[in-house]
Amino acid sequence: MPELPEVEVVRHGLHPAVSGATIDAVEVLDERSLKRHDGPAEDFIERLTGARLRGAVRRGKFLWVPIEPFASGRDSATDAPAEALVAHLGMSGQVLLRDPSAEAAALTRIRFSLTHPVHGALRVDFVDQRIFGSMAVDALLPTRDGAAAGYGLPLASIPSQVAHIARDPLDPAFDERAFLRRLQGKRTTVKRALLDQTLVSGIGNIYADEALWAARVHYDQPTETLSARKARELLEEVRIVLRRALDEGGTSFDAQYVNVNGASGYFSHSLRAYGQQGKPCPRCERPIVREQFMNRGSHFCPRCQRIR
DNA sequence: CTTTCGCCCTGAGTGC
DNA sequence: TGCACTCAGGGCGAAA
């Protein structure tokens, strides 16, 4: 459920807390939350304990924290990080920045004890009810295009397990022409394409439905029948929807408590289609319909959004 | 190679 | 009150 705007809220809150901080201790309470990590929990803990962190970066729905290279005897200031702590929130993941004395939240899977040069002792809890999310320590590889890998730090290196994820449509290095060309060449339907993170990242079920509604496109429209003009319009509506959610997320952000959680964090007051089944379409008043599609709900206006 | 499908997972909510 | 059942769906590996 956390999509680009929600993950960015987490990144934004995590960034100042981890920049320059050192990990003193790692506690893995549930090893299932390490399914992305290549190795046992002991390896995860060993790689992170004593590590100094540089900041928080995001591409699409993936978040990572580059680890400063250990002093090599050479000029370490010019050394680029070789590894990062990677996080994906999955369906229900949260990253909670807590006071060290606070009690652990329910469903906490991984806990980090940090020392920050300015803020002092901090605790970061990874909470995840459904365990679709996970963390990992992963190698950083150079980006293919040489541009910054994501939003947050000007580092042109990306975790190996994120390398196949496309840039998101708000990324300055997002290649719009390549996206439109690949979209046109696909033999699938338009919502599937929007949810394909190797084509464009950051969009999940909620913002896909919202952007499709705004662009008046039916979710099951075959991509090859989508005009170039309509495809550009749809991409622009994706950007508008994501930016609006980012703005709203930014206003409710509390620096002491980084939280992404279900409906409350989902800017529900501004949703036009998602979860609005039975309610009148804000454009034409015809009731919004919900259909099963790809094992998830698709919400749309049967009058405004037709397959053509 | 491209596209689709099934699985992972569990607390909250609902109905009887 | 308590139990059984349903629901939410992102990403990935395997199948088609």
Side-chain angles (χ1 to χ4, degrees), chain A residues 1-8 10 28-38 58-64 86-96 104-110 125-136 138 158-166 168 178-179 181-212 219-226 238 242 245 259-268 271 273-278 290-299:
Chain A
M1 293 266 270
E3 306 180 25
L4 186 154
E6 293 76 30
V7 180
E8 176 54 27
V10 173
V28 177
L29 306 177
D30 194 325
E31 218 165 317
R32 293 175 298 177
S33 290
L34 292 180
K35 67 183 173 198
R36 310 190 80 95
H37 184 76
D38 183 21
R58 179 193 53 75
R59 175 186 289 202
K61 307 172 197 172
F62 277 88
L63 187 65
W64 66 92
V86 181
H88 195 288
L89 302 178
M91 290 293 299
S92 53
Q94 296 172 277
V95 178
L96 305 180
L107 310 175
T108 300
R109 312 296 186 186
I110 303 173
D125 284 352
F126 181 67
V127 178
D128 190 11
Q129 182 213 126
R130 277 172 262 179
I131 323 184
F132 273 37
S134 72
M135 290 188 151
D138 192 15
I158 189 156
S160 72
Q161 60 183 264
V162 190
H164 68 292
I165 300 294
D168 64 62
F179 164 77
R181 194 169 51 237
R182 284 188 62 201
L183 181 71
Q184 204 76 27
K186 278 195 166 290
R187 290 297 170 262
T188 185
T189 53
V190 67
K191 185 169 175 181
R192 279 197 150 91
L194 284 183
L195 296 176
D196 180 354
Q197 306 294 304
T198 67
L199 179 66
V200 55
S201 69
I203 306 162
N205 200 42
I206 297 173
Y207 298 117
D209 281 1
E210 291 300 302
L212 287 165
Y219 68 86
D220 216 16
Q221 173 94 32
T223 46
E224 66 261 41
T225 65
L226 196 68
V238 167
L242 293 177
N259 193 2
V260 172
N261 190 16
S264 63
Y266 278 89
F267 321 116
S268 49
L271 295 176
Y274 182 86
Q276 305 303 302
Q277 61 270 26
R290 180 183 195 275
E291 286 179 2
Q292 280 295 119
F293 177 73
M294 293 175 74
N295 286 323
R296 37 175 74 70
S298 274
H299 313 74

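The sequence lines fix the lettering, A, B, ..., with proteins before strands; numbering per chain opens at 1.
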Peer 1: Ignoring hydrogens and angles, tell me if any N or O in the side chain of Arg290(A) forms a donor-acceptor pair with the backbone of Gln276(A) under 3.5 Å.
Peer 2: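 Pair absent, no side-chain N/O of Arg290(A) close to backbone of Gln276(A).
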Peer 1: Does OP1 or OP2 of dC12(C) have a side-chain N or O of His164(A) closer than 4.0 Å?
Peer 2: yes
Peer 1: Using atom CZ of Arg192(A) as one end and atom P of dG6(B) as the other, report the distance to the nearest whole Å.
Peer 2: 11 Å
Peer 1: Whole angstrom is fine here: how far is it from CD in Glu3(A) over to P in dG10(C)?
Peer 2: 6 Å
Peer 1: List the atom of Ile203(A), the atom of Leu195(A), and the distance in Å for their closest heavy-atom pair.
Peer 2: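 Taking Ile203(A) first and Leu195(A) second, the nearest heavy atoms are O-CD2, 3.7 Å.
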Peer 1: Less than 4.0 Å between a side-chain N and a carboxylate O, is that true for Asp168(A) and Arg58(A)?
Peer 2: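 Salt bridge present between Arg58(A) and Asp168(A).
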Peer 1: Below 4.0 angstrom from OP1 or OP2 of dG10(C), is there any side-chain N or O of His88(A)?
Peer 2: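 Answer is no, no contact under 4.0 Å.
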Peer 1: How does protein contact run along nucleotides 9-15 of chain B, one letter per nucleotide 5' to 3', with B for base contact, S for sugar-phosphate only, - for none, heavy atoms under 4.0 Å?
Peer 2: BBB----
Peer 1: Ignoring hydrogens and geometry beyond distance, is a side-chain donor-acceptor pair present between Asp128(A) and Ser92(A) at under 3.5 Å?
Peer 2: yes
Peer 1: Tell me: CE of Met91(A) to P of dC12(C), nearest whole Å?
Peer 2: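 To the nearest whole Å, that distance equals 15 Å.
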Peer 1: Any donor and acceptor pair, going by atom type alone, linking the side chain of Gln197(A) with main-chain N or O of Gly202(A) inside 3.5 Å?
Peer 2: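 Yes; at least one donor-acceptor contact below 3.5 Å.
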Peer 1: Looking only at non-hydrogen atoms, find the nearest pair between Thr223(A) and Lys186(A) and report the distance.
Peer 2: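 The answer is OG1-O, 3.0 Å.
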Peer 1: Would you classify Gly297(A) as touching base, sugar-phosphate or nothing, given that sugar-phosphate means primed atoms plus P, OP1 and OP2, and contacts are heavy atoms under 4.0 Å?
Peer 2: sugar-phosphate
Peer 1: Kindly say if Arg36(A) contacts the phosphate of dC12(C), meaning a side-chain N or O under 4.0 Å from OP1 or OP2.
Peer 2: yes
Peer 1: Check the surroundings of atom CG in Asp38(A): do more than 12 heavy atoms from other residues, nucleotides or ligands lie under 6.0 Å from it?
Peer 2: no
Peer 1: Mind calculating the distance between CD (Gln277(A)) and P (dC7(C)) to the nearest angstrom?
Peer 2: 12 Å
Peer 1: Mind checking if Lys186(A) touches a base, just sugar-phosphate, or nothing, with heavy atoms under 4.0 Å?
Peer 2: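 Contact class for Lys186(A): sugar-phosphate only.
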Peer 1: When the distance from CG of Asp128(A) to C1' of dG9(C) is rounded to whole Å, what number comes out?
Peer 2: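 So the CG-C1' distance, Asp128(A) to dG9(C), works out to 13 Å.
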Peer 1: Strictly under 3.5 Å: I want the nitrogen or oxygen pairs between protein and nucleotides 4-6 of chain C, one per line.
Peer 2:
none

Peer 1: dC8(B) phosphate, OP1 or OP2: any side-chain N/O from Lys35(A) under 4.0 angstrom?
Peer 2: no
Peer 1: The side chain of Arg187(A) lies closest to which of these nucleotides: dG11(C), dT3(B), dT4(B)?
Peer 2: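 Between dG11(C), dT3(B), dT4(B), the one nearest the side chain of Arg187(A) would be dT3(B).
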Peer 1: If you compare every side-chain N and O of Arg182(A) against the phosphate oxygens of dT2(B) (OP1, OP2), does one of them come in below 4.0 Å?
Peer 2: no
Peer 1: Rounded to the nearest angstrom, tell me the gap between atom CG in Leu199(A) and atom C1' in dC12(C).
Peer 2: 17 Å
Peer 1: Atom CD1 of Ile165(A) and atom C1' of dG11(C): how far apart are they, to the nearest Å?
Peer 2: 8 Å
Peer 1: Could you pull out the closest heavy-atom pair between Ser201(A) and Ala166(A), with the gap in Å?
Peer 2: OG-O, 2.7 Å
Peer 1: Of all the nucleotides listed (dG9(C), dA8(C), dG11(C)), which has the minimum atom distance to the side chain of Arg290(A)?
Peer 2: dA8(C)
Peer 1: Taking atom P of dG11(C) as reference, at what distance in whole Å does atom CE of Met135(A) sit?
Peer 2: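 Atom CE in Met135(A) sits about 16 Å away from atom P in dG11(C).
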Peer 1: Does a salt bridge link Lys191(A) with Asp209(A), judged by any charged N lying under 4.0 Å from a carboxylate O?
Peer 2: yes
Peer 1: Could you tell me the separation between the CD atom of Glu224(A) and the CG atom of Leu183(A), rounded to the nearest 0.5 Å?
Peer 2: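 Reported value, rounded in 0.5 Å steps: 10.0 Å.
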Peer 1: Compare side-chain N and O positions of Tyr274(A) against OP1 and OP2 of dA8(C) and report whether any pair is under 4.0 Å apart.
Peer 2: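 No, no such contact exists.
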